[in-house]
Structure formats: structure tokens, C-alpha cells
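Below is one structure, written out as C-alpha cells; the observations come after it.
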Amino acid sequence: MNKVNRKVIRTEDLNFWQKLYIPEIIKGMKITIKQMFLPKFTRQYPEEKWNPPASFRGRPVLVEENGKERCVACGLCSRVCPALAIEVQASETELSKERYPVKFEINMLRCIFCGLCEEACPEEAIVMSKEYELTFFSQEEAIFGKDKLLMPKETLKDRLEFLRQYR
Amino acid sequence: MDILISFIKIVVYLGILLFTVAYLVLVERRVSAFIQNRIGPNRVGYKGLLQPVADILKLMIKEDIVPKLAYKPLHRLAPIISIVVALSTFAVVPFGDKIVLFGKEIKLQIASVNVGILYILALTSLGVYGIALAGWASNNKYSLLGGLRSSAQIISYELSMGLSIIGVILIAGTLELDKIVEAQSGWRWFIFLQPVGFITFFVSVFAETNRLPFDLPEAEPELVGGYHTEYTGLKFGLFFLAEYANMITASAVVTTLYLGGWQFPYINTFGIPDFWVSVIQILTFISKVLIVIMFMIVIRWTVPRFRYDQLMNLGWKWMLPLSLANVIVTALVIYLVE
Ligand code: SF4
Ligand code: SF4
């Protein structure tokens, strides 16, 4: 049987009044009662929303520039995604970028908000937005197509600036 | 006619008690939230005032789960014992003196039992059966531990509770609660005559009602839920109700025994009509009880839970000798004064 060192080392012993407990309890109650009148930290959520900082990783979205997505359908994001949440189908276009995704879907039930797609993208076409309210009534609803993913560049300004600065 | 009056009194009492219990839960949640710099439930109704209704509705529509290997009769009986004891203890507590309504003198107490204090002591110790049986019948080790702890705790603290009451009885010279209140007219409240007795009694009350710092029977971090781990729905609700009803009763008893009950010092000398004197007395009683309850709530959110050995140490090595000494000193003083 291994020996347990049962010797308690106390640098300071309680004095008589502390051992009596009651004065200490009253002291404690003073603190708790004081706390009751301090300002509260609660945010009244649905009415009062949180505005996340630029470094926040919300749901990934596609950057929309001049009414078109920036994405060139290279498939890198879909390749890097650890949760296999992205599906891209490429096609040709008359624009200078020559390729575009006909189908771009992110399954939001699979996405883990890691931000790897954003890091992998050579065109800065997919970025993490500030949106954190994701609820669905069915699994089908959770698969976001291009209609839900496209977001105008202006609304993503914060994040794009952040990426330029820190990447 | 007397039966009818008693009946009305019972209904009114029960109504007030259940209503207060429901709102006490809300008050506790709000106060605890405020102490922790939160806001607490404020959604249902104006500022959350309908929250208790929502809680009760929720408890009622929940599925009633009984563990397969539970001993069903006792599993069912346990919450009933708890609630019956909690509610019936209240019967002997005097709310006020007498009130004259429709030309009839009504005593503001359901039952003026001539051994009122003994009745309270007896019933509160019956309450432990509810908890112990719930723990045993659930067939769950955590419940059982909770039940065992509860019985050990209540046995240890009942002694000092009874002994501290003896001091009061010695001074008042009666076991009837309304007489005890009458003995505390003016500022002769027993808290001033019996400070040590008050402290031992109050601490024991915390232990008897399973409130923090002595809530070992349901210590969440150790015992899951304690004795009510295996209870759901309304049965759980009954335990919850019993706990808070116990708390109200305990505060009422503390008020009656030590804080002068419904006595408002020297109110009879102010020259107010009798009816309003009675009303003020009732309000005095209610506000005193509320202060005690608030005190209990704030204590709960201030003091951490005792360890089991600390609890037993405190009970047997401190509370018991202290209350014994209190009895002896009180008796001596009374003997010398007379
Ligand atoms: S954030 Fe991560 S998990 Fe979500 S789509 Fe991008 S790479 Fe996949
Ligand atoms: S990595 Fe960028 S450009 Fe390539 S498919 Fe994904 S979003 Fe489009």
C-alpha cells in the first residue's frame, strides 16, 4: 500500500471569528447582495443580436462581385473540406474567368466551420460570414445551394479586410 | 357553522400556500439570477410573472417514467408523503390574532392544537420518510444515497432543533403556538431573549428543509439528482413543491417562535380600529416570513455545500452541545429570576 502524505500544511489557521462561521457568512452575504444591484451581463438574444468581430467564423458563403460569383469552380475547397460538405460542379462561361460552378452546394449539417475552404480558395471566392443563426426544419433544407450562398462583396467587407491583413 | 369556517380557512390557506410556493420558485430563480449578474426568466407574461404557470403545465404534460425495477407502491407513495407533510405542518401556524368578519370572531389559525410545537416537530420528522422511501424505492444507488443522507442529517439536526425550542417553551410556558406569539408582545421577541437558541434553530431549519448549505440529499454534483433522480413529471413536481412548501412552513415557524409572529410592536397603543389592527398584523406576519425566506434564498447562493463529515461534525459537536447549554442557561436564569 502506498503511503499518502496526510499531513496538511497550513500557512495560516483560521482565527476564532472565522471559526465561528457566522461573521464570515454575513460577509459573504454582503457580497452576494451587492452583486444583485450591479449591471447584468445578459443579452436579450432574439431582440438584441450579437455582432461578431471580423475574425468570427460563421457559415461559409460565396463572394458575389458585380452580380456574379467569383468562384472558378476549381474544386479545391471541396477537396480540402474535412467534413466533405461541399459539392461543386464546373461549367464553362463566356466571362474572362472561363469557368464557373453550375452547382455549388454546402451541406450545413456536415460543415464544422473550420474555415479550411476559405484558406484553400485561390480566388478568395468563399469566405466565412458573420451569420451564426442556422436552423432548419428538415435535412433537405440544410443543403444550401447557390441561391443561399451568394452574398454581395460589400456585406463581407469586414471579413475580406481581415483576411488581407492577417493572411 | 364552525366547520364551514374551518373549511373556508383551509381552502384559503391552501390556496395562499400553493400560490406562494409557485411564485417562490420564480423568486428564487430571479434572485439567484440577479446574484449571478443575470436576469433570469423574464419571457412568459409581464416580466416573467407567468413562468410558474408554464412550469406547472410543462411538468403536467411530461411523461411519467417509473424505473422497471422500482418498488412501485412506495415509489408512488413517497412524493405524496412529502407533500402531505409539507402542507399539513402549516395548519398550526397562527397567521394573525383574531379578526372580526361579519360579526363573527375568527381565529387566524386552522387548528389551535395545544401541543402545536410537538405537532410541528412530529410532522417534519415524518417528512424524511418521503425522501428516504423515494430513495429506496427508486432502485438506484444515487437515490438511495440521497435518502440515506437525508435520514442521517435529519436525525442529527432534529435533536438540536428540539432542544433549541425548549428554550422558547421555558420562557413562554406553553406549547401552543398562538400563546407563544402572545408572549412576544412589544419587543420581547425571542430572538433577543434567545439569540443562541435562534441560531441553532435556524441552522437546524436549513438542515431539515434540505436547503443549501445542507442540501446533501440532492447534491447535484455528487448524486445526480439525489432522492428524486428517478422521478419525472408531476411526481417530481410534488417533491419540488414539497421542498418549497417546507421552506415556507419553516420560515413561518421561525417567525412564530423567534421573530414575534404576527406581533407588530405596540400597535394597540396607536388607536387604530380593531379590524385594521388585525390586517396590519397579518401583513406583518407575511412580511416577516418573506424576509426570512429571502434570507434563506440569499444564503443558498452565498454559502457552498458542506461536506458530509463537516455536516455531521457541526451537528453533533457544535449544534447539540450549544443547544443543550442554551437550555441549561435559560432554565437557570428563569429559576433565578423567579
Ligand atoms: S468551413 Fe470547413 S467544414 Fe465547412 S465547408 Fe468549409 S472546409 Fe468544409
Ligand atoms: S476553392 Fe474557391 S474558386 Fe475553387 S471551387 Fe472553391 S470557392 Fe470556387
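Scope of the values below: all heavy atoms of this structure, side chains included, with no hydrogens, waters or symmetry mates. Throughout, protein chains are lettered first and strands after them, A, B, ... in sequence-line order, and every chain is numbered starting at 1.
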Restricting to pairs with a member in residues 153-167 of chain B, which pass salt bridge (charged side-chain N to carboxylate O under 4.0 Å, His left out), not counting sequence neighbours? none

Check ring pair (Phe, Tyr, Trp, His ring centres under 6.0 Å) between F34(B) and all other residues, then give those that pass, not counting sequence neighbours. none

Donor-acceptor pairs under 3.5 Å, chain B to chain A, main chain and side chains both?
from	atom 1	to	atom 2	distance (Å)
N37(B)	O	F41(A)	N	3.0
N37(B)	ND2	Q35(A)	OE1	3.2
I39(B)	N	T42(A)	OG1	3.2
R43(B)	NH1	E47(A)	OE1	3.4
R43(B)	NH1	E47(A)	OE2	3.0
R43(B)	NH2	Q44(A)	OE1	2.5
R43(B)	NH2	E47(A)	OE1	3.3
T302(B)	OG1	T32(A)	OG1	2.9

Can you list the residues that meet the side chain to side chain contact (heavy atoms under 4.5 Å, CB included) rule with I22(A), with sequence neighbours excluded? I26(A), I199(B)

